[in-house]
Student: 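Below is the structure I would like to discuss, written out as structure tokens.
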Amino acid sequence: MRVLALWLASSTALCFAPVLGAVTWSATPFNPASVPLAVRSPYLSAWLPQGQGTALNAAWPSFWTGSILGWAGFAKVDGVAYNWMGLPGVPGATVNKATQKSLQFTSTQSIFVMTAGPVDLTITFLSPVEPTDLVNQSLPLSYYAISAAPNDGKPHTVQVYADISAEWVSGDNSLPVMWETSTDDVLTHQVALATQNTFTEINDRIQYGAAVHSTQNRPGVTYQTGEDVVVRAQFVANGTLANTQDTQFRAISDRWPVFAFAHDLGTVTSSTEPVVFSVGHTRDPVIQYIITNNAIQNRSSYFWTKYSSFGDAVKMFVSDYRNAFARANAFDAQVAADAKKISADYADIVALSIRQGFGAIEITVARNQDGSFDTSNAMTFMKEISSDGNVNTVDVIYPAWPLFLYTNADLCKQLLAPMLQYQTSGQYPNAFSLHDMGGHYPNATGHNDGKDESMPVEESGNMIIMALSYTQKTEDTSLIKTYYGLLDQWTQFLITDSLVPANQLSTDDFAGSLANQTNLAIKGIVGIKAMSQIALLLGDNARSSNYSSIADSYVKQWQALAMAADGSHLTLSYGDSNSWGLAYNLYADKLLGLNVFPDPIYDTQTAWYSGHENPFGVQLDTRHTFTKSDWLIWTAGIVTSDTARDQLVSAVRKYASVAKNTQAFGDLYQTTDGSQGPDNFRARPVVGGHLALIALQSTPKSVGQPAPTAPAGVTGQSGTNSNGSAPTGINSDGLNPKNNSAGRVRLGASMTTLLSTACAVLLLGRIGGW
């Protein structure tokens, strides 16, 4: 039975738009469009679509796409039932709505206080962010904890309930599922598709693995699986569950099976210790990755290096809540302190961005020939959420870079490793950097045909810049030593094509291709200068000097090409004085400490942006009125006055808090009214770029004296155009209109299926490993 809850039935699959009304609760720091609830990976991504005033119990939680994730909460206080989460209906029963009293979010937590008559319930959703602990960070699990306290000073009996539905395992609710419940120190429900399709998505939802819902096995806990209205009615009527399991496996939408727990808190006289739950989605392997000779390597989540079964991982996770909570509070406090050095508005933006950024990555490990895990071979993979769904898109990692640089630069190396290893394997045919590791997550299967989306200057510059950034941050030269030849190859491409770029796409591909892009040329020049520093660090002094001279010469020529006729601003494209845009690629010049562009350029742009702000910020460029929140924050990092910086930051905060949609933090929006941009970008990891100002707070470290000699095996010319001269003849296709297709050269030569139709054993092998 499925109709509106207000009509006394249950609803966990039909998508009802939340009510966008006036907020009646306190919000700290503000009410975002969508509140992160459980955000740990591309497939564990649950949000409250709040809009401008939707309480925790006035909408169903949803996946980042907007599809419902059935997640319901009830409480009984002195025998009276209250609904505190989701929109569940219980036919024939009286259920009151709890009243939301407050919402607070931090970098790791979203905390709701819901008033259920004479008792206040505090529900803390904690998605740990522990980037320096690869095991903990790779666990695809998230907490929520419930405590109760009287609000009238009197004792009250309290029971609490929560369930999840089978909607957590697929993007197609017609598919059949199976489930089981384990009753150990930790109670766990597992639910999985009956037919597992490895490395396959439907509507951005992975089609293998299992969803898990767990809680502490403590006195007063009960459990039940079954039809939504039956299980919920059991709790509403009795305050407990029946400790029974429904064995009629069926489709997700067939009598909507749910997986529930209830805790009896007894008589409550003061704030109770929280009862702890966890939700998660696990699968193994998580990624297929192309290696040499077109072979495929299956990679597992890094946490498997510590746990022999997923059940063990869940037990540890639930039992570790108190410590995890303390670590989260410490992390939140450090991030807030660092961000508030910029401004309070900036700290708010950063807090809303961190879980979203980490929620797009998975830290993986490969196996040795003997089946053991090779912890020295860690790679991190990122899904380009909501735009193309690509794997490790270089120009998505690049804007997200400040998040990982700030929290753990080792993750930066792990993000670059898949592309660097692949492009030295001899299988990718282009001379410039590839765009991504695979057309759709979680398939990092490369582009042996060279037909990935072509952004030659963009991606080549990005890779060189990020390689130097990692090296400066960590003082680890192993990356640039290992891939020096490849980095040099890309630099020589930049020397050919970046001063006057051919007609090509940049990272802002939604805005269309363009020749002679001023901002793209900046990236290429910074990339050349960055390579001069890489060469210097490795003792290749001649190459370093040559590349440095070329970059310096290019800057002088670029100024003549890029400046508007009246000298008031940089153009969007050479020769068009009426055009302009955000010159956010100057940020890398500051981040790396290169200072290749002269100070007057920064002063000029600061004055220009200060006088060209719309109600919600400065537009991306003159082709459109929309902007990108990440690039606005990067631009805030290059302006030369605190006033101009704070203007840009506050515009992003204003957009985030006005909440004119119900989707996870969108990075593309209209500067005229704060509405979402044309491509509906949401939940994307590029919000990691909002940490750009924090990343600038630590200046690049010296990597020490250059090595005495160049790395072995590096041959070839030390760059073209060694006199630094710029080719002449700008036309509508840019300097080298064929560069985006020419110059292609060769670089050189389990999980056990859950069950079949005839199989009666649930969750075998590494889905759960119980």
Side-chain angles (χ1 to χ4, degrees), residues 36-41 43-48 61 63 69-73 85-86 108-112 122-130 133 135-147 160-169 179-192 209-218 221-225 241 258-263 273-283 301 303-304 306-307 309-328 355 358-359 362 763 767-770:
L37 301 178
V39 181
R40 293 298 309 274
S41 80
Y43 305 117
L44 179 57
S45 188
W47 303 75
L48 172 66
F63 193 59
L69 295 174
W71 197 356
M85 184 177 187
T108 64
Q109 301 168 65
S110 298
I111 306 161
F112 297 81
T122 299
I123 305 99
T124 301
F125 296 89
L126 168 59
S127 295
V129 178
E130 302 191 54
D133 186 325
V135 170
N136 285 357
Q137 186 59 48
S138 64
L139 281 167
L141 296 165
S142 190
Y143 296 106
Y144 65 109
I146 307 170
S147 61
V160 295
Y161 165 102
D163 71 48
I164 69 167
S165 76
E167 289 157 301
W168 285 65
V169 300
W179 54 85
E180 70 173 359
T181 301
S182 61
T183 56
D184 204 337
D185 295 339
V186 171
L187 299 175
T188 297
H189 299 302
Q190 290 189 94
V191 55
V212 293
H213 188 205
S214 305
T215 195
Q216 304 157 304
N217 193 349
R218 52 182 260 177
V221 66
T222 52
Y223 68 88
Q224 191 169 342
T225 61
L241 295 173
V258 298
F259 312 96
F261 298 112
H263 283 273
E273 284 293 310
V275 289
V276 179
F277 303 79
S278 73
V279 289
H281 190 287
T282 183
R283 66 195 199 283
S301 289
F303 73 83
W304 286 109
K306 180 176 180 179
Y307 299 104
S309 73
F310 191 64
D312 288 344
V314 171
K315 291 174 188 176
M316 183 288 303
F317 186 79
V318 173
S319 64
D320 192 48
Y321 175 76
R322 184 184 296 273
N323 295 326
F325 183 64
R327 294 192 300 268
R355 276 175 284 177
F358 276 98
E362 295 185 291
L763 303 177
I767 292 179
W770 295 88

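On a predicted model such as this, the values are computed, not experimentally measured, just so you know.
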Student: State, yes or no, whether a side-chain contact exists between T225 and V258 at a heavy-atom distance under 4.5 Å.
Tutor: no
Student: Can you give me the closest heavy-atom contact between P128 and L141, atom names plus distance?
Tutor: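 Scanning both residues, the minimum pair turns out to be CD-O, 4.2 Å.
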Student: Heavy atoms only: give me the nearest V39-S142 pair and the separation to one decimal.
Tutor: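 Looks like N-OG, 4.3 Å.
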Student: Tell me, with the steps shown, if T124 and F112 meet side-chain contact (heavy atoms from CB on, under 4.5 Å).
Tutor: CA-CA 6 Å; T124 301; F112 297 81; over 6 Å; no
Student: Strictly distance-based, threshold 3.5 Å: is any side-chain N or O of R40 a donor or acceptor partner for the main-chain N or O of S127?
Tutor: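 No, the answer is negative, given that no donor and acceptor are paired below the 3.5 Å cut-off.
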Student: Can you measure from CH2 (W304) to CG (D312) and round to the nearest 0.5 angstrom?
Tutor: 9.0 Å
Student: Let me see the working for E362 and R283 under side-chain contact (heavy atoms from CB on, under 4.5 Å), right down to the final yes or no.
Tutor: CA-CA 12 Å; E362 295 185 291; R283 66 195 199 283; 2.7 Å; yes
Student: Could I get the full list of side chain to side chain donor-acceptor pair (under 3.5 Å) partners for D185, not counting sequence neighbours?
Tutor: none
Student: Side chains of S301 and S138 only: does a donor on one sit below 3.5 Å from an acceptor on the other?
Tutor: no
Student: Quick check: closest heavy atoms across L241 and T222, and the distance to 0.1 Å?
Tutor: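 So the minimum-distance heavy-atom pair works out to N-OG1, 2.9 Å.
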Student: Can you list the residues that meet the ring-ring contact (aromatic ring centres under 6.0 Å, His included) rule with F261, with sequence neighbours excluded?
Tutor: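 ring-ring contact (aromatic ring centres under 6.0 Å, His included) list for F261, sorted by chain: H189, H213.
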Student: Any side-chain heavy-atom pair from T108 and L126 closer than 4.5 angstrom?
Tutor: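 Result yes, sub-4.5 Å side-chain heavy-atom pair found.
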Student: Any donor and acceptor pair, going by atom type alone, linking the side chain of Q224 with main-chain N or O of A260 inside 3.5 Å?
Tutor: no
Student: Listed by chain and number, what are the ring-ring contact (aromatic ring centres under 6.0 Å, His included) partners of W47, not counting sequence neighbours?
Tutor: none
Student: Are any non-hydrogen side-chain atoms of F277 and L187 less than 4.5 angstrom apart?
Tutor: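 Result no, sub-4.5 Å side-chain heavy-atom pair not found.
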Student: Flag the pair R327 / N136 as yes when at least one side-chain heavy-atom distance between them is below 4.5 Å, and no otherwise.
Tutor: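 Side-chain contact under 4.5 Å: yes.
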Student: For Y143, give me all partners under ring-ring contact (aromatic ring centres under 6.0 Å, His included), at least two apart in sequence or on another chain.
Tutor: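 Y143 satisfies ring-ring contact (aromatic ring centres under 6.0 Å, His included) with F317, Y321 only.
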Student: Looking only at atom types and distance, does a side-chain atom of Q216 sit under 3.5 Å from a main-chain N or O of V276, one as donor and one as acceptor?
Tutor: yes
Student: Run V279 and I164 through side-chain contact (heavy atoms from CB on, under 4.5 Å) and show every step you take.
Tutor: CA-CA 9 Å; V279 289; I164 69 167; 4.0 Å; yes
Student: Supply the atom-to-atom distance L48 CG to L37 CG, rounded to the nearest 0.5 angstrom.
Tutor: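 If we round to the nearest 0.5 Å, L48:CG and L37:CG are 5.5 Å apart.
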Student: Under the side-chain hydrogen bond (donor to acceptor under 3.5 Å, both in side chains) test against K315, which residue among D184, D320, N217 passes?
Tutor: D184
Student: Give me the atom names and distance for the closest heavy-atom approach of Q190 to A210.
Tutor: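 Scanning both residues, the minimum pair turns out to be OE1-CB, 4.3 Å.
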Student: Do the side chains of T122 and S147 get nearer than 4.5 Å, heavy atoms only?
Tutor: yes
Student: Taking atom types as modelled and ignoring hydrogens, do the side chains of S110 and R355 form a donor-acceptor contact shorter than 3.5 angstrom?
Tutor: yes
Student: Looking only at heavy atoms, what is the nearest atom pair of A313 and L139, with distance?
Tutor: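 Closest approach of A313 to L139, heavy atoms only: CB-CD2, 3.8 Å.
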Student: CZ/F259 to CG/D163 distance, rounded to the nearest 0.5 angstrom?
Tutor: 9.5 Å
Student: Are F303 and F310 close enough that their ring centres sit under 6.0 Å apart?
Tutor: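 Yes: the rings meet the under 6.0 Å criterion.
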Student: Using the side chain to side chain donor-acceptor pair (under 3.5 Å) criterion, which residues pair with Y223? Sequence neighbours excluded.
Tutor: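 Expected list: none.
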Student: Would you confirm whether W71, through its side chain, and S165, through its main-chain N or O, come within 3.5 Å as a donor-acceptor pair?
Tutor: no
Student: Who are the ring-ring contact (aromatic ring centres under 6.0 Å, His included) partners of H281, not counting sequence neighbours?
Tutor: none
Student: Is the closest side-chain heavy-atom distance between V275 and R218 below 4.5 Å?
Tutor: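 In short, these two side chains touch, coming nearer than 4.5 Å.
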Student: Check T188 against S214 and note the closest heavy-atom contact, atom names and distance.
Tutor: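 Minimum heavy-atom separation between T188 and S214: OG1-OG, 2.8 Å.
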